[in-house]
Amino acid sequence: MTYHPKSDFMRVMIERGFLADCTDYQALDDALIAGVVPAYIGYDATAQSLHVGHLMNIMVLRWLQKCGHKPITLMGGGTTKVGDPSFRSDERPLLGPDQIAANIAGMKQVFAKYLAYGDGETDAIMLDNAEWLDELNYLDFLRDIGRHFSVNRMLSFESVKSRLDREQSLSFLEFNYMILQAYDFLELNRRYGCLLQMGGSDQWGNIVNGIDLTRRVLDSEIFGLTTPLLTTSDGRKMGKSQGGAIWLNGDMLSPYEFWQFWRNTTDADTGKFLKIFTELPVEECDRLGTLEGAEINEAKIILANEVTALLHGADAARAAEATAREVFEKGGAGDDLPTLTLNADDLGDGMSIVQLFVKSGLAKSGKDAKRLIAESGAKVNDNALTDAGRMVSAADLGQPMKLSAGKKRHALVVLDA
């Protein structure tokens with residue numbers, strides 16, 4: 001990146017590694033200098049919680065507001081009914097209105113942790129595109145909006161082309177998604193003066209469509225900015241772990257497990273993640289990222305504390321660190337570990353240790369648990385587990401039982417009195 005920005009927001013985007021591409025660096029930079037820029041990111045309601053894969057763009061919205069501009073979080077109550085086909089091999093399952101509403105309610109919990117909502121000039125606002133999409137008249141929409149879209153051009157976008165090149169079906173329903181997303185940008189510009197759409201680099205085609213449509217219909221100059229698709233140094237997609245998605249809602253993933261995810265960052269990713277997911281000065285992030293040996297582990301603890309404090313609060317971050325130190329340094333059980341609570345009926349005449357590893361989330365399946373035991377990666381109360389056929393009875397749970405998978409993943413099993 002050779003562009004030297006004048007605005008605080010563009011400087012932050014470049015220095016901290018948030019910027020993949022922009023439709024017009026100079027013109028957007030000038031707009032950011034000239035006044036408050038309303039900017040949006042859209043979120044389809046496909047799950048009850050956002051996950052770590054969304055966190056980079058949530059931080060972009062937070063920095064936007066810190067730099068004196070107005071974030072818009074657009075919930076996809078309308079577009080979720082269609083489903084974004086971008087870079088997918090198959091159609092998303094269609095959700096009903098009740099599930100979409102429940103998912104939006106769950107996702108809303110996260111945004112208030114990062115953004116200040118209100119009626120002020122730079123206060124964030126939350127909107128739902130169902131407000132305008134649900135009211136569309138199909139024939140009017142085709143005549144007024146559809147005529148601006150070239151099917152030839154839509155087929156050339158990589159997100160669609162890759163699907164068709166693999167000879168995988170793309171339904172007419174999904175094909176409409178990019179038109180609806182483009183229409184969102186038009187409506188946000190018309191209703192709220194929104195000048196900028198942001199999103200992951202996989203959204204580039206959809207963003208460009210919205211800019212082109214808004215220029216044609218309203219003759220407005222608007223902009224697009226994308227963030228890089230984030231992968232870890234070993235090539236994995238950000239946000240996935242051995243146990244599944246890293247959810248941002250505390251009722252779907254405990255603050256301790258969230259903290260532990262960041263503590264387990266690889267050495268090579270630590271500096272990069274500090275710049276993207278915390279607000280520590282760039283120079284400090286670079287310094288921490290170059291540490292080696294035992295010192296890099298302290299940098300990872302700083303990363304875990306900073307990220308967890310933003311989402312769950314400073315108290316939760318301190319409690320997670322205390323639990324981790326007790327577990328790792330003192331061999332203790334830790335009060336804050338993920339806990340599986342069983343009663344006598346659950347146990348019956350006994351439950352296999354393999355089942356306990358699966359139920360506690362430390363193994364994906366019985367086969368996975370047996371492999372863990374066979375490879376000497378499983379422990380019970382800090383003692384190596386070698387017998388995959390071991391049965392656990394209510395009497396064994398007079399004290400909480402600590403299960404460990406490898407050195408970094410732990411859970412407690414307790415008997416409900």
Side-chain angles (χ1 to χ4, degrees), residues 20-24 27-28 39-46 57 74-95 100 127-191 194-229:
D21 212 341
C22 180
T23 53
D24 190 331
L28 175 57
Y40 92 98
I41 297 178
Y43 297 87
D44 278 348
T46 53
N57 281 329
L74 181 67
M75 310 307 289
T79 42
T80 305
K81 296 172 184 173
V82 175
D84 184 359
S86 296
F87 299 99
R88 288 182 61 87
S89 60
D90 53 7
E91 190 169 350
R92 290 182 185 276
L94 295 180
L95 303 178
I100 290 172
L127 304 170
D128 187 338
N129 62 17
E131 182 183 336
W132 49 85
L133 295 182
D134 280 2
E135 303 304 316
L136 288 178
N137 177 292
Y138 187 60
L139 290 179
D140 289 346
F141 185 72
L142 285 179
R143 186 190 63 210
D144 297 339
I145 302 300
R147 66 189 178 90
H148 294 293
F149 286 84
S150 159
V151 170
N152 307 56
R153 186 161 178 263
M154 292 164 73
L155 289 172
S156 73
F157 283 116
E158 188 60 34
S159 58
V160 173
K161 192 169 175 291
S162 61
R163 181 97 158 251
L164 298 179
D165 285 348
R166 295 192 300 266
E167 298 184 357
Q168 290 164 331
S169 174
L170 179 71
S171 72
F172 180 68
L173 176 71
E174 293 176 285
F175 194 58
N176 275 270
Y177 184 91
M178 63 180 74
I179 302 179
L180 296 177
Q181 184 170 326
Y183 185 69
D184 281 346
F185 204 172
L186 169 69
E187 282 296 320
L188 288 171
N189 181 256
R190 178 161 36 206
R191 297 176 184 220
C194 183
L195 296 180
L196 172 64
Q197 182 183 358
M198 302 182 291
S201 58
D202 60 334
Q203 293 299 311
W204 180 255
N206 290 333
I207 291 172
V208 170
N209 267 333
I211 292 171
D212 187 50
L213 176 65
T214 305
R215 282 177 178 159
R216 287 171 182 266
V217 176
L218 301 179
D219 196 26
S220 294
E221 184 181 27
I222 57 177
F223 309 98
L225 180 155
T226 58
T227 54
L229 290 179

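Numbers here simply count residues along the sequence, with the first being 1.
Counting heavy atoms from C-beta outward, M178 and I207 have side chains that stay 4.5 Å or more apart. When side chains are defined from C-beta on, T23 counts as touching W204, because their heavy atoms get closer than 4.5 Å. Side-chain contact check for E131 versus R191: some heavy-atom pair is nearer than 4.5 Å. Residues N206 and Y177 meet the side-chain proximity criterion, which asks for heavy atoms closer than 4.5 Å. Residues S201 and T227 fail the side-chain proximity criterion, which asks for heavy atoms closer than 4.5 Å.
In this structure, the side chain to side chain donor-acceptor pair (under 3.5 Å) partners of D134, at least two apart in sequence or on a different chain, are K81. Legend: residues meeting side chain to side chain contact (heavy atoms under 4.5 Å, CB included) with A45, ordered by chain and number and at least two apart, are T80, I100, N103, I104, M107. W132 is linked by a side chain to side chain donor-acceptor pair (under 3.5 Å) to D184, counting only residues two or more places apart in sequence or in another chain. Under the side chain to side chain donor-acceptor pair (under 3.5 Å) criterion, Y183 pairs with E187, sequence neighbours left out.
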Taking only distance into account, with no hydrogens and no angle test, what donor-acceptor pairs under 3.5 Å do side-chain atoms of residues 215-226 form with protein atoms, sequence neighbours excluded?
residue: R216; atom: NE; partner: D212; partner atom: OD2; Å: 3.0
residue: S220; atom: OG; partner: N189; partner atom: OD1; Å: 3.1
residue: T226; atom: OG1; partner: D21; partner atom: N; Å: 3.3

Return all side-chain donor-acceptor pairs below 3.5 angstrom for residues 136-146, not counting sequence neighbours, or 'none' if the list is empty.
residue: N137; atom: OD1; partner: L139; partner atom: N; Å: 3.1
residue: N137; atom: OD1; partner: D140; partner atom: N; Å: 3.1

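The OH atom of Y43 sits 13.5 Å away from the CG atom of N129 when rounded to the nearest 0.5 Å. A distance of 13.0 Å separates CG of L186 from CD1 of I179, quoted to the nearest 0.5 Å. Here T79 contributes atom OG1 and L180 contributes atom CG; the two are 7.5 Å apart, rounded to the nearest 0.5 Å.
What you find for L196 and L28 is that their closest heavy atoms are CD1-CD2, 4.0 Å. Minimum interatomic distance between F185 and C194 (heavy atoms only, all atoms of both residues): CE2-O, 3.9 Å.
Remark: the backbone N or O of A182 is not paired with any side-chain donor or acceptor of N209 at under 3.5 angstrom. Without hydrogens or angle criteria, D44 side chain to T46 main chain gives no donor-acceptor distance under 3.5 Å.
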Please report the C-alpha distance between Q197 and Q181 in whole Å, then the side-chain angles of each, then the deciding distance to 0.1 Å, and finally whether the side chain to side chain contact (heavy atoms under 4.5 Å, CB included) criterion is met.
CA-CA 11 Å; Q197 182 183 358; Q181 184 170 326; 2.9 Å; yes
